Amino acid sequence: MTHKRIRCFNTKDTYPEQKLDNDLCQVVVARGTMVFARGQIGQDLDTSENVGIGDVTAQAEQAMTNIDMLLKEAGSELAHITKIVIYIVDPRYREAVYRVVGKWLKGVYPVSTGIVVSALARPEWLVEIDVTAVIPDA
């Protein structure tokens, strides 16, 4: 079985200043049932416009909006998230980010890992969130 790849792109288009050339995608549906979403940040997936510069809450909202949209494109939904990993660049952002995530995932109960990192791929990004989900009854 071939994995389904959703929203494919090349890093030379996404990060032209970094001179990269990697073929990636936003989501992989593996074996028809497992959904792996790329880390989402405060960026509109359709326009590539950064959202909420300097505002971690707005960036977390955009990341969760992206995750919701990508899971639906993959045939899943937020209720089927099994794991979430949250990366923040400042431990003081934890409460604000987790409030946003908690609102989106109320009643879901995924396993969760939170990591404080020194930086993300772009300096304006303050939070990145990636998830693993399933497609029920696939």
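If you read the sequence from its start, that first residue is 1, and numbering goes on from there. Note that this is a predicted model, so its numbers are computed, not measured.
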Quiz prompt | For Pro136 against His80, the heavy-atom pair lying closest together | solution = CG-NE2, 3.3 Å
Quiz item: Can you tell if the side chain of Trp125 reaches within under 4.5 Å of the side chain of Val89, non-hydrogen atoms only?
Solution: no
Quiz item: For residues Asn66 and Gln62, is any side-chain donor paired with an opposing acceptor at under 3.5 Å?
Solution: yes
Quiz item: Any link between Val51 and Val127 through a network of hydrophobic side chains (Ile, Leu, Val, Met, Phe, Trp, Tyr) touching at under 4.5 Å?
Solution: no
Practice problem: With rounding to the nearest 0.5 Å, note down the distance linking CG in Asp44 to CD in Glu49. | Solution: 6.5 Å
Quiz prompt | Asp90 and Val56, any side-chain heavy atoms less than 4.5 Å apart | solution = no
Quiz item: Which value, rounded to the nearest 0.5 Å, describes the distance between Ile135 atom CD1 and Lys4 atom NZ?
Solution: 7.0 Å
Exercise. Could you list the residues that satisfy side-chain contact (heavy atoms from CB on, under 4.5 Å) with Val111, not counting sequence neighbours?
Key: Lys83
Quiz item: Got more than 12 heavy atoms from elsewhere within 6.0 Å of NZ, Lys103?
Solution: yes
Quiz prompt | Close side-chain approach of Leu45 to Met69, heavy-atom, < 4.5 Å | solution = yes
Quiz prompt | Joint cluster assignment, Ile129 & Phe36, ILVMFWY side-chain distance < 4.5 Å | solution = no
Quiz item: Tyr98 and Tyr109: same hydrophobic cluster, using ILVMFWY side-chain contacts below 4.5 Å?
Solution: no
Exercise. Considering non-hydrogen atoms only, spot the tightest contact between Val35 and Ala74 and give its length.
Key: CG1-CB, 4.0 Å
Quiz item: Roughly how far, to the nearest 0.5 Å, is the CG atom of Leu126 from the CG atom of Asp55?
Solution: 8.5 Å
Exercise. Compare all side-chain heavy atoms of Trp104 with those of Thr65 and state whether any distance is below 4.5 angstrom.
Key: yes
Practice problem: Give a yes or no on this: more than 12 heavy atoms of other residues, nucleotides or ligands lie within 6.0 Å of atom CZ of Arg122. | Solution: yes
Practice problem: Would you check if Val97 and Val100 make a side-chain contact, meaning some heavy-atom pair closer than 4.5 Å? | Solution: no
Quiz item: Can any side-chain N or O of Gln59 pair as donor or acceptor with the backbone N or O of Ile41 at less than 3.5 Å?
Solution: no
Self-check item: Side-chain heavy atoms of Val117 within contact of Glu128, under 4.5 Å
Solution: no
Quiz prompt | Closest non-hydrogen atom pair, Gln40 against Arg38 | solution = NE2-O, 3.0 Å
Quiz prompt | Contacts of Val116 that satisfy side-chain contact (heavy atoms from CB on, under 4.5 Å) - sequence neighbours left out | solution = Ile88, Pro91
Quiz item: Do the side chain of Ser76 and the main chain of Leu71 share a donor and acceptor less than 3.5 angstrom apart?
Solution: no
Exercise. Specify the closest pair of heavy atoms between Pro110 and Leu105, including all atoms of both residues, with the distance to one decimal.
Key: CG-CD1, 4.1 Å
Quiz item: Can you name the nearest heavy-atom pair linking Thr11 to Asn22, along with the distance?
Solution: OG1-N, 2.8 Å
Quiz item: Got Thr132 and Met34 here, is their nearest side-chain heavy-atom distance under 4.5 Å?
Solution: yes
Quiz item: At their closest point, which heavy atom of Glu73 faces which heavy atom of Ile6, and how far apart are they?
Solution: OE1-CG2, 3.5 Å
Quiz item: In Å, rounded to the nearest 0.5 Å, how long is the span from CG of Leu70 to CG of Asp130?
Solution: 12.0 Å
